[in-house]
Amino acid sequence: MNAGNSKSPLGDLGVVVGIIMGSKSDLPVMQDAADVLKEFGINYEITVVSAHRTPERMFNYAKEAQSRGLKVIIAGAGGAAHLPGMVASITTLPVIGVPVKSSNSIDGWDSILSILQMPNGIPVATVALNAAKNAGLLAAQILATADESLTVKMQAYKDELRRKVEESAVEIES
């Protein structure tokens with residue numbers, strides 16, 4: 001699944017964000033990242049890459065990501081949640097980890113701690129439990145550092161958030 005963006009320099013590059021997850025069951029959570037990227041016109045790919053069940057697939061995905069044009073990887077995983085850290089250990093690209101509360105989860109804490117507690121030298125940006133939307137936004141902000149049109153879109157998004165809060169304040173205060 002890809003999203004297009006013809007006005008942005010990033011759109012000319014093809015797919016620039018990889019969204020991976022440890023299992024198809026993570027898709028309802030990870031779809032939020034894809035939706036945000038699509039909203040901002042950022043090209044992405046989405047697939048299943050399991051650190052435990054398909055380690056060779058994971059290794060190849062991470063090793064080839066940069067040469068295929070990816071700029072950021074969003075990796076969601078539940079349970080032991082090794083996918084984001086293992087991918088980050090292989091690639092020099094920024095990796096954003098999304099802890100997913102899975103059916104076999106310890107209330108999500110296993111996923112959170114597995115992604116959050118990376119050893120020095122292998123950074124993984126970690127968002128809140130099931131917060132793939134924030135992962136998509138963070139990827140957009142990273143990409144916006146090299147794309148003025150995306151910076152403008154990000155600012156408009158933030159302005160809209162502020163406007164909604166101000167409207168709510170007026171509504172409650174009235």
Side-chain angles (χ1 to χ4, degrees), residues 1-3 10 13-146 150 154:
M1 172 185 281
N2 293 333
L10 294 173
L13 297 175
V15 175
V16 294
V17 177
I19 302 172
I20 57 176
M21 63 204 83
S23 171
K24 183 180 175 185
S25 64
D26 299 335
L27 184 58
V29 170
M30 299 306 292
Q31 185 63 48
D32 289 345
D35 292 345
V36 166
L37 296 172
K38 189 172 190 175
E39 178 182 335
F40 283 97
I42 298 169
N43 296 333
Y44 66 90
E45 64 185 20
I46 188 166
T47 192
V48 175
V49 179
S50 172
H52 301 111
R53 294 178 294 265
T54 59
E56 295 88 5
R57 179 174 168 78
M58 179 208 59
F59 182 84
N60 290 334
Y61 185 91
K63 190 153 182 74
E64 298 167 0
Q66 191 166 11
S67 66
R68 292 189 306 104
L70 295 185
K71 303 295 182 197
V72 180
I73 297 173
I74 299 172
H82 292 126
L83 182 62
M86 290 302 297
V87 168
S89 75
I90 298 165
T91 185
T92 60
L93 296 174
V95 175
I96 303 168
V98 179
V100 176
K101 184 177 178 183
S102 56
S103 61
N104 64 340
S105 179
I106 305 169
D107 209 26
W109 282 106
D110 45 353
S111 305
I112 292 169
L113 294 174
S114 294
I115 297 172
L116 186 66
Q117 291 295 105
M118 291 303 299
N120 284 329
I122 310 296
V124 173
T126 308
V127 296
L129 185 66
N130 289 345
K133 179 176 183 175
N134 276 349
L137 289 167
L138 181 55
Q141 287 178 317
I142 291 168
L143 295 170
T145 64
L150 190 51
M154 287 302 309

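Small disclaimer: the values here were computed from a predicted structure and weren't measured.
- Between K63 atom NZ and E56 atom CD the span is 14.5 Å, to the nearest 0.5 Å.
- Here the OG-CG distance, from S105 to N130, works out to 9.0 Å after rounding to the nearest 0.5 Å.
- Residue pairs meeting the salt bridge (charged side-chain N to carboxylate O under 4.0 Å, His left out) criterion with at least one partner in residues 99-122, sequence neighbours excluded, are K101-D107.
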Step-by-step side-chain contact (heavy atoms from CB on, under 4.5 Å) determination, V98 to M30: CA-CA 8 Å; V98 179; M30 299 306 292; 3.9 Å; yes
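- For the side-chain hydrogen bond (donor to acceptor under 3.5 Å, both in side chains) condition, the pairs that include at least one residue of residues 79-93, sequence neighbours left out, are H52-H82, Q66-T92.
- Among the candidates I42, L70, L37, the single residue satisfying the side-chain contact (heavy atoms from CB on, under 4.5 Å) test with V16 is I42.
- When all heavy atoms are compared, the tightest approach of L116 to T126 is CA-OG1, 3.8 Å.
- A donor-acceptor pair is defined here as one N or O able to donate and one able to accept, closer than 3.5 Å; no such pair exists between the side chain of R68 and the backbone of Y61.
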M58 and I20: side-chain contact (heavy atoms from CB on, under 4.5 Å), yes or no, with the steps? CA-CA 9 Å; M58 179 208 59; I20 57 176; 5.9 Å; no
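- The side chain to side chain donor-acceptor pair (under 3.5 Å) search around R57 returns T47, not counting sequence neighbours.
- Of all heavy-atom pairs between L143 and V17, the closest is CD1-CG2, 3.6 Å.
- Across all their heavy atoms, I74 and A33 have their closest contact at CD1-CB, 4.1 Å.
- Evaluation of the salt bridge (charged side-chain N to carboxylate O under 4.0 Å, His left out) test over residues 21-30, restricted to residues two or more places apart or in two chains, returns none.
- Not counting sequence neighbours, the partners of N104 by the side chain to side chain donor-acceptor pair (under 3.5 Å) test are S102.
- Not counting sequence neighbours, S50 has no partner by the side chain to side chain donor-acceptor pair (under 3.5 Å) test.
- Note: I115 CD1 to I96 CD1 = 12.0 Å, rounded to the nearest 0.5 Å.
- Distance check: F40 CZ to M154 CE gives 4.5 Å after rounding to the nearest 0.5 Å.
- Nearest approach of K133 to D32, heavy atoms of both residues: N-CB, 3.7 Å.
- When all heavy atoms of S111 and G79 are compared, the pair lying nearest together is OG-N, 2.9 Å.
- Taken to the nearest 0.5 Å, the CD1 atom of I106 stands 11.5 Å off from the CD1 atom of I112.
- In this structure, V87 and I73 approach most closely via the heavy-atom pair CG1-CD1, 3.9 Å.
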Which is it for V127 and L137 under the side-chain contact (heavy atoms from CB on, under 4.5 Å) test, yes or no, and what are the steps along the way? CA-CA 10 Å; V127 296; L137 289 167; over 6 Å; no
